[in-house]
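Bear in mind the structure is a predicted one, so any value in this text is a computation, not a measurement. Counting begins at 1 with the first residue of the sequence.
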Amino acid sequence: MAVSEERQRLAVEATGIGIFDFIPGTGALNWDGRVRELFGIGPDDPVSYEATFLRGLHPDDRERADAAVLSALDPTGPGVFDIEYRVRGIRDGQERWLAARGQSMVEDGVAVRFVGSVRDVTARKEAELAVRATEERYRLVTRATNDAIWDWDLVRNHVLWNESLHSAYGYDLAQVEPTGEWWIAHVHAEDRARVEGDIRSAIAGTDTEWQHEYRFLRADGSYADVLDRGYMVRGEHGEPLRMIGAMLDLTERKRDERRLSAMNALLEQRVEERTRERDRTWSVSQDLMVVIDAKGTFRAVSPAVTKILGFAPEEMIGGSVFDFIHPDDLPPTRAALEEATERDLPVFENRYRHRAGGHRWMSWVAAPEGDLIYATGRHVTAEKEQAEALRAAEEALRQSQKMEAVGQLTGGIAHDFNNLLTGISGSLELLQSRIGQGRLAEIDRYVDAAQGAARRAAALTHRLLAFSRRQTLDPKPADVNRLVAGMEELIRRTIGPAITLEVAADDALWTARVDTGQLENALLNLCINARDAMPDGGRITIETANVWFDPRGAGERDLEPGPYLSLSVTDTGTGMTPEIAAKAFEPFFTTKPMGQGTGLGLSMIYGFARQSGGQARIYSEVGEGTTLSLYLPRHHGPEEAYGPAPDPSAAPRAERGQTVLVVDDEPTVRMLVTEVLEDLGYTAIEAADGAAGLNLLRTDARIDLLVTDVGLPGGMNGRQMADAARVTRPELKVLFITGYAETAVVGNGHLEPGMEVLTKPFVVEALAARIRDLLAG
């Protein structure tokens, strides 16, 4: 018995069939190795009906397969399971088609066991789908053509026609008899015997294709001259199974041939030879072909003119080219005609009048032959309109990109400015309060804080104005390292948290004589460009260094030999090809793909560097990133001193019952919030960024309320910190204070209970009221 079962198992494995065994009463489901392989699980993974079988099915097949199993388990039914479905490997995600068959076993009116097999039928299903796709493409092709396509099943004597039988010959497909007899009956009586003979010969012979011309009866009673091209489909033993063909309407061509024959009698012998060559494509070409003389008179016009310009050929023959040309195109057309009488005319475009009104763009090539000119014109109106639409769209996109970049920049500056306004207004409010309380000993610190914030706000607005206008350079001795340090926070806010910013400053950097406002603009623009080259995030490195160029190195950079200091911005983005890098400094040229360029203009940076006596250079590799370096001449002398910003002192602390954590990268804001909290009797804890705040929240310290800015440095914003903190402190109350719009906090979702937003700048009383409300709630 064991030997027999082992042989049976080996036989099943050899066929690639898997076996399943399901016990409905206990829910036990057993799969052999093949079934596990097909569902993408390992030999030791647990198996269950819900978590493994149904989960492994394609979502579109899950409900159908579940219903089939339930039907097989129904004791009143046949108990048979026969279905095909798709599975997605639970581990590998691979999609397969499986054919499953099974039989349930019923005892005492209850299904006690359900056994069956599955096999992989992916190859067969893909072949079926490919056949269906081919048939669908064939159907679409037959619908798209203007030729009448027929498909004659010789075994059943059944003929299918496409819709062009109606559009070209006027027959309603619903009333057409689908037989070969109906078709033959509509062939002209004089041509019928010949056509029948051709068909019989094709069926009896071995040829696979043929063609013949005959007259076919239209629905309106007239006859059309047609060229019938057919193909024979034969079976394995050469027996005829099917004929497929197309009827091309030659009526217009026949008429044109007769007209051209009459015209050819008027032309000289050499023109007649050219015309005979042209006739082979004259009637079927989609392009307009014409014969004109040196004065511009049409001697011959191809039938394509009717489709393109709406005129019949005879309406133009004998007329002048200039009767149909757009007035603005008359001078260049005359010049082109004169040139075409002497030599081959290069591609030339002009506009022709349409019979229904308006004009159509034509692209011409022409060559002289004797006293005549042979020209072929291609209708290019659609291409012209598309090119113009594309140009307008690109211009609109470029403008949109500029506005988006400016919006991102001003958004970051507005956030910083709101922080400063909060420091100013809050300091003044507390100053007023302390004077009213007679606590004059503390007023100096609020005055210093307000003045410091005001000075920084003034510097910020100055930077914004310098960015927004093109002004005459005002070079001064400057410490570029200090300038970079002053810009670092603004740059971090502008490039966003997905990009890491690193600064590598040369401690012994020389002094440069440069317009600091314009240099700040250049640095910010380079960082924005670097950001846009890294849509999936990356790293920006700002580096300063001293360099000395000998005559050869200076000549390579178009500089005078001598000492320079370099300011470089390096990204890990997409990089540029040498061709693009060579054009990157051209006005309005962007190095990023369409849809990602800012349009801020590297040409402005290049012009600033050259005007400052320096140079700008790009070093880039596709897929590796880009470095853009500014070289500025060294200034022999000290830099001008910057006014130091005041350092706000820490607010005094007092022991209170409840504790509030204040997280804000702006010291003045933290000081003001802490003062309000202490006035209200709370203990305040401060943190300058999200990481530090989250570390405090993960301790056992008592924290009843989190007051945090949304935009924080270090890669974690306030909302992310609050969400992470609520994992371990689900009841934590949160007050967001932000200079951004409220949607910056909410995003696409919503604020959870116990979370509120207070936008900057705010009055101290509003902050106090909101804190009281949150902690009382």
**OP:** Show your working on side-chain hydrogen bond (donor to acceptor under 3.5 Å, both in side chains) between H379 and T381 and close with a plain yes or no.
**Re:** CA-CA 6 Å; H379 183 205; T381 302; 2.9 Å; yes
Original post:
Yes or no on side chain to side chain contact (heavy atoms under 4.5 Å, CB included) for F114 and L73, after CA distance, side-chain angles and deciding distance?
Top reply: CA-CA 7 Å; F114 181 37; L73 295 176; 3.8 Å; yes
Measure the shortest side-chain to side-chain distance between [X] and [Y] over non-hydrogen atoms and say whether it is less than 4.5 angstrom.
X    : Y    : answer
V195 : I184 : yes
L241 : L154 : no
F348 : V365 : no
D344 : P368 : yes
P43  : E37  : no
M243 : Y231 : no
F298 : V321 : yes
Q211 : L227 : yes

[X] atom [atom1], neighbour heavy-atom count above 12 within 6.0 Å:
X    : atom1 : answer
H166 : NE2   : no
R234 : CZ    : yes
E213 : CD    : yes

Quick one: closest heavy-atom pair of [X] and [Y], and the distance?
X    : Y    : value
L345 : A336 : CD1-O, 3.7 Å
A219 : G170 : CB-O, 3.3 Å
G79  : Q103 : O-NE2, 3.2 Å
T306 : A312 : OG1-CA, 3.8 Å
D66  : Y49  : OD1-OH, 2.6 Å
V115 : D21  : CG2-OD1, 3.6 Å

Between [X] and [Y], is the gap from one ring center to the other below 6.0 Å?
X    : Y    : value
H212 : Y214 : yes
W31  : F22  : no
F311 : F324 : yes
F20  : F53  : no

Original post:
Is it the case that T333 and N350 place a side-chain donor and acceptor less than 3.5 Å from each other?
Top reply: yes
**OP:** Answer with yes or no whether the side chains of H58 and R88 bring together a donor and an acceptor at under 3.5 Å.
**Re:** yes
**OP:** Would you check, one step at a time, whether the test salt bridge (Lys or Arg N to Asp or Glu O under 4.0 Å) holds for D45 with R36?
**Re:** CA-CA 9 Å; D45 291 340; R36 290 173 175 271; 5.6 Å; no
**OP:** Decide, yes or no, whether a salt bridge links R64 with E84 under the criterion of side-chain N to carboxylate O below 4.0 Å.
**Re:** no
Subject >> Salt bridge present between E107 and R113 (N-O < 4.0 angstrom) >> reply: no
Original post:
Does the side chain to side chain contact (heavy atoms under 4.5 Å, CB included) test come out yes or no for I83 and L98, once each step is laid out?
Top reply: CA-CA 8 Å; I83 187 174; L98 304 184; over 6 Å; no
Subject >> Candidates Y169, W161, Y171 - the one meeting ring pair (Phe, Tyr, Trp, His ring centres under 6.0 Å) with H186 >> reply: Y171
Original post:
Given W150 and W183, is the side chain to side chain contact (heavy atoms under 4.5 Å, CB included) satisfied, shown in steps?
Top reply: CA-CA 10 Å; W150 50 267; W183 177 18; 3.2 Å; yes
Without swapping roles, check the side chain of [X] against the backbone of [Y] for a donor-acceptor pair under 3.5 Å.
X    : Y    : answer
R192 : A185 : yes
T122 : W97  : yes
S164 : S167 : no
R62  : L54  : yes
R86  : L57  : no
R96  : L38  : yes
R351 : R360 : no
D191 : R215 : yes
T341 : A294 : no
D153 : R242 : no

Can you measure from [atom1] ([X]) to [atom2] ([Y]) and round to the nearest 0.5 angstrom?
X    : Y    : atom1 : atom2 : answer
I17  : R101 : CD1   : CZ    : 10.0 Å
L160 : L165 : CG    : CG    : 11.5 Å
D225 : H188 : CG    : NE2   : 10.0 Å
E239 : I203 : CD    : CD1   : 13.0 Å
L248 : D147 : CG    : CG    : 4.0 Å
I373 : T297 : CD1   : OG1   : 10.5 Å

Subject >> Steps toward salt bridge (Lys or Arg N to Asp or Glu O under 4.0 Å) verdict (R218, D249) >> reply: CA-CA 11 Å; R218 295 191 181 98; D249 192 338; 3.7 Å; yes
**OP:** Apply side chain to side chain contact (heavy atoms under 4.5 Å, CB included) to V301 and L288, showing your working.
**Re:** CA-CA 7 Å; V301 180; L288 175 58; 3.9 Å; yes
